[in-house]
> 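Structure incoming, see below.
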Amino acid sequence: MSDTVKNTALFALVAVLIIWTGYSESWNLALQILNMGLISAIMALGVNLQWGFAGLFNVGVMGFVAVGGLAAVLFSMPPVPEAFWAGGPRALFSLVVGAGVIVAAVMVMKKMAAGRNRNLLVVAILVGGFFLFRALFDPAVDAIEAVNSASTGYMGGLGLPVILAWPLGGVLAAGVAWVIGKTALGLRSDYLAIATLGIAEIIIAVMKNEDWLARGVKNVTGIPRPFITPREIDLQKDPGFVETATNLGLDPVTASSLYVKLSYTLLFSVVLIILFILAQRALKSPWGRMMRAIRDNEVAAMAMGKNVTKRHLQIFVLGSAICGLAGAMMTTLDGQLTPGTYQPLRFTFLIWVMVIVGGSGSNLGAILGGFLIYFFWIRVEQWGPDLMYFITSGMADDSPLKMHLIDSAAHMRLLTMGLILLLVLRFSPRGLIPEK
């Protein structure tokens, strides 16, 4: 079987699974899986750039996705003038002071000769700067969070169109990745994984606790939608839409939900296609060949005069930017930012499974893995309990074994992901669509 036929058959299988879900369950569920599959495929593309192209073991995917989601709030939500003027200028000034303290410490480290005096001065600058920063920052934050804390309690955003927040989310994630990469990319692969995981947890902790930034665990709701995705209630009030839905034999409520989801599908598909084309061009370019040479043998690449650390930083920033873009898209689709939902299992482990199952180093494989793994991730949540009830149907209702199996059905998701991963690694170690 040729590669083209095989790849077409694999994507056709995914399409059949989604269509079958629409017929057997509901088209709303099928479109939800399709939309989140598109976003997951974009995340997998970002991770594939880092691991498949350059061999960077980034286990902090969750953090960059969260930064993208934060960007959707900071750039698209309307501003809260009362909160901003209550403490915004002071908070921003204190952040500038904090950055200045760090710059001053770095300059001292570079300019002064190594020794006790330099160390004491650096410590004095950092400690003194920390207390100065807190003295300016804390009162400003308290003033911001005190403004109508039940509904706002944060400065809001810039009020830009939300579709602009998607690339800006990528830019913000890229900036965070640059800062992390400058300090962490010199580490060995296993230490890099530990560092990125820890930094991702720090990002989530900041988002949960800094209410002035995006309401913390109170969540931000009502995030604006792109221009082609109206509110369902507005569609239901439109006589023309109601008439069209009725003529098609659809309930207006169901039709409005399907219309909105299809609008998101169109937007997400355009973004994925553009990113795939760019990733393919990068893969086949001299830059892409150089990155794979570095991945395969860093020592040989350095001997050829390549700056390995600089190239690693480039690919780390690019991959993280794509994850941030996907995070902004997902927050827009959800209509809210909920920091508590960012979990390593969903936004790091699952994305890595998508890349490995699809085929590390293969952009087409990453997209396939994104769709396939997310489909099973959602559907097994229902299939697990149904399977356990079927298996235990012949047991007595008070059987401890039956109760234990039914209670364990929630873990079928994890079992299924592990089983899929093991089967693929056993029978197709390079993934379903391996790198050429």
Side-chain angles (χ1 to χ4, degrees), residues 50-51 53-64 66-67 90-138 140-141 171-207 209-210 213 287 290-291 293-321 324:
Q50 296 173 339
W51 173 251
F53 282 31
L56 292 180
F57 192 24
N58 174 21
V59 194
V61 181
M62 171 187 68
F64 300 110
V67 168
R90 284 179 293 166
L92 295 176
F93 176 71
S94 63
L95 292 174
V96 173
V97 170
V101 169
I102 296 173
V103 171
V106 171
M107 293 300 294
V108 169
M109 289 289 290
K110 288 183 176 181
K111 299 297 183 181
M112 288 186 65
R116 181 181 179 185
N117 290 338
R118 187 184 74 170
N119 295 338
L120 289 175
L121 183 56
V122 169
V123 171
I125 291 174
L126 292 176
V127 173
F130 174 77
F131 283 106
L132 175 62
F133 169 75
R134 300 303 302 191
L136 295 171
F137 185 70
D138 290 348
V141 166
V171 171
L172 187 59
V176 173
W178 184 86
V179 174
I180 295 171
K182 291 293 285 185
T183 57
L185 284 180
L187 299 173
R188 211 171 59 195
S189 60
D190 47 354
Y191 291 110
L192 175 64
I194 295 170
T196 51
L197 178 61
I199 292 169
E201 291 291 350
I202 291 171
I203 292 172
I204 301 301
V206 169
M207 290 177 58
N209 291 285
E210 299 297 331
L213 186 62
W287 179 84
M290 175 190 64
M291 292 307 307
I294 292 174
R295 176 198 65 188
D296 295 336
N297 195 326
E298 288 188 15
V299 176
M302 285 188 285
M304 295 296 292
K306 304 302 181 184
N307 189 332
V308 173
T309 302
K310 182 179 179 180
R311 301 308 176 191
H312 277 172
L313 182 60
Q314 285 181 348
I315 202 81
F316 187 71
V317 169
L318 285 173
S320 300

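Values below: every heavy atom of this structure, side chains too, minus hydrogens, waters and symmetry copies.
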> Should L92 and V96 count as side-chain neighbours, where that means a heavy-atom distance under 4.5 Å?
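No, their side chains stay 4.5 Å or more apart.
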> Might you point out which heavy atoms bring A105 and I125 nearest each other, and give the distance in Å?
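Minimum heavy-atom contact is N-CG2, 4.2 Å.
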> Which atom names give the shortest non-hydrogen contact between A301 and I294, and what distance separates them?
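Here A301 and I294 meet closest at CB-CG1, 3.6 Å.
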> Would K306 and R311 satisfy side chain to side chain contact (heavy atoms under 4.5 Å, CB included), going step by step from the backbone distance to the final call?
CA-CA 8 Å; K306 304 302 181 184; R311 301 308 176 191; 5.5 Å; no
> Would the distance check show the side chain of T196 and the main-chain N or O of V59 forming a donor-acceptor pair, the cut-off being under 3.5 Å?
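Checked: pair present.
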> After noting the C-alpha distance and the side-chain angles of M62 and E201, does the key distance pass the side chain to side chain contact (heavy atoms under 4.5 Å, CB included) rule?
CA-CA 8 Å; M62 171 187 68; E201 291 291 350; 3.8 Å; yes
> Quick one: pull up CE in M109 and CG in L121 and give me the separation to the nearest 0.5 Å.
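The CG atom of L121 is 10.5 Å from CE of M109, to the nearest 0.5 Å.
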> Could you report the tightest heavy-atom contact between R295 and G55, atom names first, then the distance?
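Distance-wise, the nearest heavy atoms are CG-N, 3.7 Å.
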> Could you report the tightest heavy-atom contact between A173 and S320, atom names first, then the distance?
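That closest heavy-atom pairing would be CB-O, 3.5 Å.
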> To the closest 0.5 Å, what do you measure between NE2 (H312) and CG (N307)?
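If I round to the nearest 0.5 Å, the distance is 10.5 Å.
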> Quick one: pull up CG in L197 and CD1 in I202 and give me the separation to the nearest 0.5 Å.
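Going from CG on L197 over to CD1 on I202, the span is 10.0 Å.
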> Drop me the distance from L136's CG to L132's CG, to the nearest 0.5 angstrom.
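Reported to 0.5 Å precision, the distance equals 5.0 Å.
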> Could you go through L313 and V317, starting from their C-alpha distance and side-chain angles, then the distance that decides it, and tell me whether this counts as side chain to side chain contact (heavy atoms under 4.5 Å, CB included)?
CA-CA 6 Å; L313 182 60; V317 169; 4.2 Å; yes
> Can you tell me how far apart OG1 (T309) and CD (E298) are? Round to the nearest 0.5 Å.
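The OG1 atom of T309 sits 8.0 Å away from the CD atom of E298.
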> Can you give me the closest heavy-atom contact between M291 and A54, atom names plus distance?
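Heavy atoms only, the tightest pair is CE-CB, 3.6 Å.
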> Walk me through it: do F137 and V97 pass the test side chain to side chain contact (heavy atoms under 4.5 Å, CB included)?
CA-CA 10 Å; F137 185 70; V97 170; over 6 Å; no
> Mark yes when over 12 heavy atoms from residues, nucleotides or ligands other than M304 sit less than 6.0 Å from its CE; otherwise mark no.
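Count not over threshold, so no.
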> So which heavy atom on A140 is nearest to which on A91, and how close?
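For A140 versus A91, the nearest heavy atoms are CB-N, 3.5 Å.
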> Are L185 and L56 side-chain neighbours, meaning at least one heavy-atom pair lies under 4.5 Å?
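Yes, at least one pair of side-chain atoms sits under 4.5 Å.
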> Looking at CG of L213 and CE of M207, how far apart are the two atoms once the value is rounded to the nearest 0.5 Å?
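Separation between the atoms: 7.5 Å.
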> So, applying ring pair (Phe, Tyr, Trp, His ring centres under 6.0 Å) with F316, which one of W178, F64, F53, F57 is it?
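Among W178, F64, F53, F57, the one that satisfies the ring pair (Phe, Tyr, Trp, His ring centres under 6.0 Å) with F316 is F64.
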